[in-house]
Amino acid sequence: DNVYPIFRIQNGATMIVTGGEVTNPTDYVFVLGASDGSSHGDLIINGGKYHGATTVASVTLGALTITGGEFSVEPYEGNYAFLINCIDANYKNGTASVAITGGTFHNWNPQNNAAEGTGTNFCYDKYAATETAENVWTVLPAVAKIGETYYATLQDAVNAADATNNTINLIANVQLTAFVTIDKSVNLNLAQFNITRENGTALYVNGENIEVTVNGTTGTVSGLQAVY
């Protein structure tokens, strides 16, 4: 396949990586599965720092699980889309898979990328990516949901809400370190979950003709000023 990774995992092997730093500026870091498709390999990355050319990990046959670590690549023709990648046909038939529950990714959004077509989401169920710095995304447990899309922060969910999809459903407690700015009309369904900020305003409603509806079964909003 004209690919020369640092690690190729095949013949049913499973590799678990917990840390360290691996760089391959001229090719891939990991490839899962034999180049001819004759065997599979699984990889679990729990930490570490990885940099490759075009791709850090490519899944031919097998399962890639990422729970932590930091990932970056050299762009291919200006494109970072293949930082994590699968063989297209095998991804579609389920013999190549990716599940991400943690980690930080440079110039690549695990929840919305083009590796397997526009809008590819490699985040595991009830996990989401949030932009923690410019073009840097970190995967965290989701706290909110709009429709079938999960969000790692309440602010991300508010930012994504629009006139058609403006009901935000909490799926976990939210502990704030800064207030959430609400500049549009939304329905905030707390259910049984709480929004808490210990040292300041929790929700900052800012703008004209905005209607914010907060409801739930037992959920609460609390702060020095819950709503300003």
- Message: Whether the Asn166 and Thr164 side chains hold a donor-acceptor pair (N or O, under 3.5 Å, no angle test) is what I'd like checked.
- Response: no
- Query: Looking just at side-chain N and O atoms, do Thr181 and Asp183 make a donor-acceptor pair shorter than 3.5 Å?
  - Reply: no
- Message: Using every non-hydrogen atom in the two residues, find where Ala115 and Thr120 come nearest and quote the distance to one decimal.
- Response: N-OG1, 4.0 Å
- Give me the ring orientation class for Phe82 and Tyr76: parallel if the planes are under 30° apart, tilted from 30 to 60°, perpendicular past 60°. perpendicular
- Query: Just by distance, with hydrogens left out, do His51 and Ser72 show a side-chain donor and acceptor under 3.5 Å apart?
  - Reply: yes
- Within one Ile-Leu-Val-Met-Phe-Trp-Tyr cluster: Tyr50 and Ile9, side-chain cutoff 4.5 Å: yes
- What distance do Tyr28 atom OH and Thr55 atom OG1 have between them, rounded to the nearest 0.5 Å? 4.0 Å
- Message: Tell me whether Gln111 contacts the main-chain N or O of Ala129 through its side chain, where contact means a donor paired with an acceptor under 3.5 Å.
- Response: yes
- Query: Can you list the steps and then say if Asn112 with Asn121 is a side-chain contact (heavy atoms from CB on, under 4.5 Å)?
  - Reply: CA-CA 5 Å; Asn112 184 14; Asn121 180 9; over 6 Å; no
- Item | Verdict with supporting geometry, Thr213 and Asn215, side chain to side chain donor-acceptor pair (under 3.5 Å) | CA-CA 7 Å; Thr213 302; Asn215 56 53; over 6 Å; no
- Item | Stepwise side chain to side chain donor-acceptor pair (under 3.5 Å) test for Asn46 and Thr18 | CA-CA 5 Å; Asn46 295 325; Thr18 59; over 6 Å; no
- Examine distances only and state if a side-chain atom of Asn11 and a backbone atom of Ala13 form a donor-acceptor pair shorter than 3.5 Å. no
- Query: Do Leu203 and Val212 come within less than 4.5 Å of each other through their side chains, counting heavy atoms only?
  - Reply: no
- What distance do Trp137 atom CH2 and Cys123 atom SG have between them, rounded to the nearest 0.5 Å? 12.0 Å
- Task: Taking atom types as modelled, find out whether Asp156 and Thr130 have a side-chain donor-acceptor pair closer than 3.5 angstrom.
- Result: yes
- For residues Gln175 and Arg197, report the shortest heavy-atom separation together with the two atoms involved. NE2-CA, 4.3 Å
- Item | Val3 vs Asp27, side-chain contact (heavy atoms from CB on, under 4.5 Å): CA-CA, chis, key distance, verdict | CA-CA 7 Å; Val3 173; Asp27 217 315; 3.5 Å; yes
- Item | Rounded distance [0.5 Å steps], CG in Asn165 versus CG in Asn187 | 11.5 Å
- Report the C-alpha distance between Glu116 and Asn85 in whole Å, list the side-chain angles of each, state the deciding distance to 0.1 Å, and finish with yes or no for side-chain contact (heavy atoms from CB on, under 4.5 Å). CA-CA 7 Å; Glu116 306 308 319; Asn85 190 41; 2.9 Å; yes
- Establish whether Val205 and Leu154 are linked, either directly or via other cluster members, by ILVMFWY side-chain heavy-atom contacts under 4.5 Å. yes
- Message: Between Arg8 and Gly33 (side chain of the first, backbone of the second, donor and acceptor by atom type, cut-off under 3.5 Å), is there such a pair?
- Response: yes
- Message: Quick check for you: to the nearest 0.5 Å, what is the distance between Ile146 atom CD1 and Asn189 atom CG?
- Response: 12.0 Å
- Message: So if I apply the ring-ring contact (aromatic ring centres under 6.0 Å, His included) rule between Phe122 and each of Phe71, Phe105, Tyr91, which one comes out positive?
- Response: Tyr91
- Query: Measuring from Lys184:NZ to Ile182:CD1, what's the distance to the nearest 0.5 Å?
  - Reply: 10.0 Å
- Return each pair, listed once, that meets salt bridge (Lys or Arg N to Asp or Glu O under 4.0 Å) where at least one residue sits in residues 117-146; pairs must be two or more places apart or across chains. Lys145-Glu148
- Min side-chain heavy-atom separation Pro25-Thr23 under 4.5 Å: yes
- Taking atom types as modelled, is there a side-chain donor on Thr132 or Thr138 under 3.5 Å from an acceptor on the other? yes
- Task: Answer yes if Leu188 and Val143 sit in the same cluster of Ile, Leu, Val, Met, Phe, Trp and Tyr residues linked by side chain heavy atoms under 4.5 Å apart, and no otherwise.
- Result: yes
- Query: Taking all atoms of both residues into account, what is the closest heavy-atom pair of Tyr127 and Ile100, and its distance?
  - Reply: CB-O, 4.1 Å
- Can you hop from Leu32 to Ile87 via hydrophobic side chains spaced under 4.5 Å? no
- Query: If every non-hydrogen atom of Ala63 is compared with every non-hydrogen atom of Asp42, which pair is closest and at what distance?
  - Reply: N-OD1, 2.9 Å
- Message: In this structure, would Ile44 and Ile84 fall into the same cluster of hydrophobic residues linked by side-chain contacts under 4.5 Å?
- Response: no
- Query: Between Phe193 and Ile171, what is the shortest heavy-atom contact and its length?
  - Reply: CZ-O, 3.3 Å
- So do the side chains of Val174 and Thr196 get within less than 4.5 Å of each other, counting heavy atoms only? no
- Message: Ignoring hydrogens, what is the shortest heavy-atom contact between Asn173 and Asn194? Give both atom names and the distance.
- Response: OD1-N, 2.9 Å
- In terms of ring plane angle, is the pair Phe30 and Phe7 parallel, tilted or perpendicular, where the classes change at 30° and 60°? parallel
- Message: Applying side-chain contact (heavy atoms from CB on, under 4.5 Å) to Val214 and Leu190, what does each step give before you reach the verdict?
- Response: CA-CA 7 Å; Val214 180; Leu190 304 177; 3.8 Å; yes
- Note on the structure: The reported gap from CG in Leu83 to OG in Ser58 (rounded to nearest 0.5 angstrom) is 11.5 Å
